[in-house]
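Written below as C-alpha cells is the structure these notes are about.
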Protein chains: 2
Amino acid sequence: MNPNRPSSNRPVYLKLRDQIAAAIIDGAYPEGAMLPSVRALAAEQGANPLTVAKAYQQFQNDGLVEVQRGVGMYVVRGAAERLRATERETFLREEWPEIRSRMQRLGLDPANLAVVL
Amino acid sequence: MNPNRPSSNRPVYLKLRDQIAAAIIDGAYPEGAMLPSVRALAAEQGANPLTVAKAYQQFQNDGLVEVQRGVGMYVVRGAAERLRATERETFLREEWPEIRSRMQRLGLDPANLAVVL
DNA sequence: ATGGCTGTATTATGGCACTGATGCACCTCG
DNA sequence: CGAGGTGCATCAGTGCCATAATACAGCCAT
C-alpha cells in the first residue's frame with residue numbers, strides 16, 4: 001500500500017555497497033584483509049560481476065580499499081573508523097532530520113522505540 | 001560521497017505523495033475539503049499534471065479521497081486518522097528496523113538525538 | 001613458462017520507472 | 001447551450017539499472 005523507502009526497491013549495487021560497508025565497520029572484513037573477489041561475491045549473491053565491481057568502485061574512490069591488480073582488493077588501515085565517521089555525519093545531516101520530523105508527525109517517539117532491541 | 005536515500009533522489013510523484021499525506025495528517029487539507037486540482041498543484045510545484053495525478057492516485061486506491069469526475073477530489077471523513085495509523089504501522093514494520101540497526105552500527109542513540117528539536 | 005586467479009574495459013541489450021505532451025470525457029455555472 | 005473547470009487514458013521519449021559475452025592486463029604458485 002505504501003511504496004516508500006524499503007531497501008528492496010534500491011538498486012542492487014547500492015544494496016551491495018551498504019552490505020559491504022556494514023561488514024567493514026563491523027569488522028567482518030578486517031583491516032588488511034582481502035575482500036571477496038568480484039566473481040566470488042557475484043556468485044554468492046547471485047549478481048553480475050560487473051554489478052559487484054560497481055559496488056566496490058565507490059570504496060576505491062574514497063581510498064578505503066587498496067587495489068592490487070591481479071591479486072585482489074584489501075581493506076585499508078583505519079578504513080572502519082573513517083567509514084563510520086563519514087557515514088555517521090551523512091546520516092545526521094541528510095537522513096535523520098527527515099526521519100525525525102516524520103516520526104513526530106506520526107506521533108512516535110524515538111526514545112521509546114530505542115529500547116526495542 | 002554517499003549516494004544513499006536523500007529525498008532529493010526520490011521520484012517526484014513520491015515526494016508529492018508524502019507532502020500531500022503530511023498535509024492531510026496535519027489538517028492543512030481538512031476532511032471534506034477539496035484538494036488542489038492536478039493542474040493547479042502541478043503549476044505551483046513546477047511539475048507535470050500527470051505526475052501530480054500519479055501522486056493522487058494512491059490516495060484514491062486507499063479510499064482516502066473521493067473523486068467527483070469533472071469536479072474535483074475531496075478528503076474523506078476520518079482520512080487523517082486512518083492515514084496516520086497505516087503510515088505509522090508501515091513505518092514501524094518496514095523502515096524503523098533498518099534505521100535502528102543502522103544507527104546502532106554507527107554508534108548513534110535515538111534517545112539522545114530525540115531532543116534535537 | 002603456464003594455468004589460474006585477480007580487477008577492468010568494451011560493447012550491446014533488455015527492462016523498467018519516470019516524465020512529458022496531447023486529447024477526451026465529465027461536470028458546473030452563467 | 002457553451003465556456004471553463006475537473007480527472008483520466010493513451011502514446012512516446014528518456015535515462016538508469018542490470019545483465020551478458022568477451023577480451024585484456026596483471027600477479028602468483030606450480
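Letters go in sequence order (proteins before strands), and every chain restarts at 1. This is a predicted model, so every value here is computed, not measured. Side chains included, hydrogens not; waters and symmetry mates left out as well; all remaining heavy atoms used.
Here the C1' atom of nucleotide C:dC5 and the CG atom of A:Leu41 are 16 Å apart, to the nearest Å. Rounding to whole angstrom units, CG of residue B:Leu50 and P of D:dA9 are separated by 10 Å. The nearest whole Å value for the distance from the CG atom in A:Asn9 to the P atom in D:dC16 is 19 Å. Taking atom CD1 on B:Ile20 and atom C1' on D:dG7, their separation rounds to 14 Å, with Å as the unit. Atom-to-atom, CE of A:Met34 to P of C:dC5 comes out at 12 Å; the value is rounded to the nearest Å. The separation between B:Glu66 atom CD and D:dT6 atom C1' is 15 Å, rounded to whole Å. The CD-P distance, from B:Gln57 to C:dT19, rounds to 15 Å in whole Å. Here D:dC17 presents its P atom at 14 Å from CZ of A:Arg17, a figure rounded to the nearest Å.
We find the CD1-CD distance between A:Ile99 and B:Glu95 to be 8.0 Å, quoted to the nearest 0.5 Å.
Between B:Asn48 and C:dT19, a side-chain N or O to OP1/OP2 separation shorter than 4.0 Å is absent. Phosphate proximity of D:dC17 to A:Thr51: absent, as no side-chain N or O sits under 4.0 Å from OP1 or OP2. Proximity of B:Gln60 to the phosphate of D:dG7: no side-chain N or O atom is located under 4.0 Å from OP1 or OP2. At D:dG7, none of the side-chain N or O atoms of B:Tyr56 fall inside 4.0 Å of OP1 or OP2 (strictly under the cut-off). Checking the phosphate oxygens (OP1, OP2) of C:dT19, no side-chain nitrogen or oxygen of B:Tyr13 falls inside 4.0 Å. One finds no side-chain N or O of B:Lys54 lying less than 4.0 angstrom from the OP1 or OP2 phosphate oxygen of C:dT19.
Of the residues near DNA chain D, A:Ala47 and A:Gln68, the one whose nearest nucleotide (by heavy atom distance) lies more toward the 5' end is A:Ala47. Where B:Arg39 and B:Gly46 meet DNA chain C, the nucleotide closest to each residue was compared, and B:Gly46 sits on the side nearer the 5' end.
Donor-acceptor pairing under 3.5 Å is lacking for the side chains of B:Asp62 and B:Gln58.
Side-chain contact between A:Gln57 and A:Arg17 is absent, with no heavy atoms from C-beta onward closer than 4.5 Å. Side-chain contact check for B:Val76 versus B:Arg82: some heavy-atom pair is nearer than 4.5 Å. Between A:Met34 and A:Met73 there is no side-chain heavy-atom pair separated by less than 4.5 Å.
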- Message: What verdict does the side-chain contact (heavy atoms from CB on, under 4.5 Å) test give for A:Leu41 and A:Leu35, after you've listed the backbone C-alpha separation in whole Å, the side-chain angles of each residue and the deciding distance to 0.1 Å?
- Response: CA-CA 9 Å; A:Leu41 189 55; A:Leu35 294 171; over 6 Å; no
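A salt bridge does not link A:Arg105 to B:Glu87: none of the charged nitrogens lies less than 4.0 Å from a carboxylate oxygen.
Contact check of residues 69-78 of chain A against DNA chain C (heavy atom, cut-off under 4.0 Å) returns A:Arg69, A:Gly70, A:Val71, A:Gly72, A:Met73.
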